[in-house]
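Have a look at the structure below before the remarks.
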Amino acid sequence: MRTIDDIDARIVFAVLLGLSLCPVLLTPIPAMVDYPNHLARMYLIARDGTPDANPFYQIVWALYPNLAMDLIIPQIARAIGVEQAARLFLLVSQVLIVSGAMAIERVVKGRVQIAGFVALMFLYCLPFAWGFLNFEFALGVALWGVAAMLRVQERGWLTRFGVNLFFVVALFAAHFFALGIYGATLGFYELWRAWSRKAVAQAALRLALLAVPVVAMLAIMQLAGGGVGGEGTSWFFAYKPLWLFRIMSGYSLTVSSACVVLLLGFIYVAAKQGLLKFAPGGLWLAIGFGILYCAMPSRLFDTSFVDFRILAAAALILPAFCTPTLPTARWKLAALACAGVITLANLAVVGFVWRSYRADYAAMIRSFGKIERGSSVLTGDSGPGDDPPFHDLTEYPIYYAPTLAAHYANAFVPGLFTAAGKQPVRVGPIAERLAIPYGGPVPVAILAGIAAGKTGAGVPAYIKSWPQDYDYLYVLGPRIPNPMPDLLEELDRAVRFTLYRIRRKSS
């Protein structure tokens with residue numbers, strides 16, 4: 001694997017790429033945690049202004065730096081439908097990720113060696129497998145932006161300013177954190193250039209040239225009444241060493257840890273043998289990303305897994321600045337085997353999880369036909385409401401599936417993403433008092449307590465009087481007997497959910 005131009009490496013890469021794209025091509029609704037919620041929002045935006053628009057929601061556009069899919073998918077949906085447009089958006093995002101990583105390496109080294117393989121290993125890492133679609137698409141654009149800026153780094157200031165302006169505007173609209181990664185990467189690289197060339201004044205001017213469009217966009221956003229997410233910052237410093245082993249798989253800690261150990265082991269042996277070294281600027285970027293990862297909160301602007309996103313970005317960018325030397329066929333085979341094993345292990349988990357959800361998603365969509373249009377739908381959890389075990393996150397993809405009732409039954413579902421500063425969908429006056437920007441399923445035990453009159457001071461307003469406010473209840477998770485037979489009438493059930501009609505609303 002001296003270069004991807006070697007015929008064996010090219011064949012392996014092509015096979016792995018084709019297999020990596022198959023899950024999206026073959027699955028109607030990918031089993032990603034946030035995907036059903038995003039899909040429901042796309043349906044609402046696409047139907048806005050039509051006679052069939054959902055009466056509970058309004059579309060309020062503003063300059064929010066998190067709008068990639070909101071701007072693109074409804075436009076494509078006019079030709080091919082929302083579901084197909086969403087899958088196409090995801091597929092394009094994956095292609096941008098892989099090709100963008102390879103583009104940076106091509107610019108830095110003049111050839112492609114390892115970046116494509118590493119990108120395939122991380123194509124279903126936690127931020128991507130959980131359905132952070134705007135971030136994935138925008139990060140792919142950011143990778144191409146970094147490649148373009150490195151390509152024109154020796155050009156005149158006007159050319160560099162124009163290229164930077166284009167990508168800053170695109171990334172600002174697509175996703176704010178991807179814009180930050182783009183800026184951080186170029187900033188670390190410019191600091192290395194300043195140190196290596198002893199050109200501090202020139203570096204200051206080049207950094208200012210990078211920053212001017214960002215500052216201008218932030219000012220425009222403020223003047224236009226936009227915003228960046230919400231409030232809420234948490235670091236979770238104690239978990240940061242563990243996150244390194246959790247990043248590679250969004251569903252299984254065991255598979256993720258095994259893949260990370262295998263990859264780090266190969267890197268360690270290759271580096272110790274002098275077969276893997278940093279290209280110019282690579283060490284500065286590695287140190288920069290390391291500091292950024294340690295300093296970045298896990299939750300920022302009411303957005304979770306921010307530090308995970310930095311790990312994913314670093315994994316896609318740093319290979320372009322690492323130079324491998326594989327002197328023998330044995331080393332080449334070992335490198336290809338490492339890339340293949342990790343990629344196929346992740347794909348096996350993704351394929352198993354996504355296939356296991358096809359029947360449940362299909363059953364849920366059929367169950368929407370039993371809901372009266374224009375109803376309100378609450379989501380409960382048959383368990384205690386704790387997060388799934390850290391080592392097994394395969395139950396998360398069902399959490400937001402009931403939000404699709406907002407499309408199929410024109411219903412109000414409080415868990416639909418409606419966060420100001422992040423999504424253009426808002427809850428209208430008809431259900432405003434029940435609005436929450438985010439919300440997972442509520443434990444059935446809590447709902448039963450409220451129905452029995454045990455309403456504590458800490459109970460959220462949107463469930464405080466749920467028997468009066470909602471018409472239907474989805475209970476997710478393992479099957480349990482009807483928890484409130486006098487209140488709930490079972491309408492439908494599948495492996496991962498039960499649908500109830502709320503037939504008697506206690507006063």
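Please read these numbers as outputs of a predicted model, since none were measured by experiment. Note: hydrogens, waters and symmetry copies are ignored here, and every other heavy atom, side chains too, is used.
- Within the model, atoms CD1 of I267 and CG of L262 stand 9.5 Å from one another, a figure rounded to the nearest 0.5 Å.
- When side chains are defined from C-beta on, E136 counts as touching L90, because their heavy atoms get closer than 4.5 Å.
- Ionic pairing of E154 and R197 is present here: one or more N-O contacts between side-chain nitrogen and carboxylate oxygen are shorter than 4.0 angstrom.
- At least one side-chain heavy atom of L336 sits less than 4.5 Å from a side-chain heavy atom of F117.
- Within 6.0 Å of atom NZ in K272, 12 or fewer heavy atoms from other residues, nucleotides or ligands are found, so the atom counts as exposed in its surroundings.
- Residue-environment remark: CZ (F352) stays at or below the threshold of 12 foreign heavy atoms within 6.0 Å.
- Each of F289, W284, F321 was evaluated against F188; a single residue qualifies, F289, per the ring pair (Phe, Tyr, Trp, His ring centres under 6.0 Å) test.
- With a 4.5 Å cut-off on side-chain heavy atoms, W157 and L205 do not count as touching.
- Looking at heavy atoms from C-beta onward, L88 lies out of side-chain contact with I73 at the 4.5 angstrom threshold.
- S99 and W144 share a side-chain donor-acceptor pair at under 3.5 Å.
- Summarising the geometry, atom CZ belonging to R106 is positioned 11.0 Å from atom CD belonging to Q113; distances are rounded to the nearest 0.5 Å.
- Just one residue in the list F245, W243, F236 forms a ring pair (Phe, Tyr, Trp, His ring centres under 6.0 Å) with F308, and that residue is W243.
- Taking CG of L165 as the start and CG of L210 as the end, the distance is 11.5 Å to the nearest 0.5 Å.
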### Task
Show your working on side chain to side chain contact (heavy atoms under 4.5 Å, CB included) between S20 and T343 and close with a plain yes or no.
CA-CA 8 Å; S20 296; T343 302; 3.7 Å; yes

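- One N or O on the side chain of R87 and one on the backbone of T27 form a donor-acceptor pair closer than 3.5 Å.
- Taken to the nearest 0.5 Å, the CD atom of E190 stands 7.0 Å off from the CG atom of L186.
- From L316, atom CG reaches atom SG of C125 across 7.0 Å, with rounding to the nearest 0.5 Å.
- For R246 (side chain) and S256 (main-chain N/O), no donor-acceptor pair under 3.5 Å exists by modelled atom type.
- Side chains of P397 and Y35 form no contact here, defined as non-hydrogen atoms less than 4.5 Å apart.
- Few gaps surround CZ on R160; more than 12 heavy atoms of other groups in view lie less than 6.0 Å from it.
- Results of the ring pair (Phe, Tyr, Trp, His ring centres under 6.0 Å) test with Y396 over Y251, W130, Y357 single out W130 as the only residue that passes.
- Between L171 atom CG and F177 atom CZ the span is 13.5 Å, to the nearest 0.5 Å.
- When V260, V255, L311, L253 are each tested for a side-chain contact (heavy atoms from CB on, under 4.5 Å) with M248, only one passes: V260.
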### Task
May I have the step-by-step check of side chain to side chain contact (heavy atoms under 4.5 Å, CB included) for L16 and L344, ending in yes or no?
CA-CA 8 Å; L16 292 177; L344 293 175; 4.1 Å; yes

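- Checked by atom type, the side-chain pair S304/R299 shows a donor-acceptor distance below 3.5 Å.
- Around atom CZ of F266, more than 12 heavy atoms belonging to other residues, nucleotides or ligands sit under 6.0 Å away.
- W195 CH2: 12 or fewer foreign heavy atoms inside a 6.0 Å radius.
- Across all their heavy atoms, P297 and V306 have their closest contact at O-CB, 3.4 Å.
- In terms of modelled atom types and a separation under 3.5 Å, the side chain of N134 and the main chain of H175 share no donor-acceptor contact.
- For the pair R309 and F132, the cation-pi test (distance below 6.0 Å, angle within 45°) is passed.
- The closest side-chain heavy-atom distance from P127 to I247 is below 4.5 Å.
- Counting only heavy atoms from C-beta outward, the side chains of F135 and I181 approach each other to under 4.5 Å.
- Judged by the 6.0 Å and 45° rule, K422 forms no cation-pi pair with F417.
- Contact annotation: the side chain of L347 approaches that of P23 to within less than 4.5 Å [non-hydrogen atoms, C-beta and beyond].
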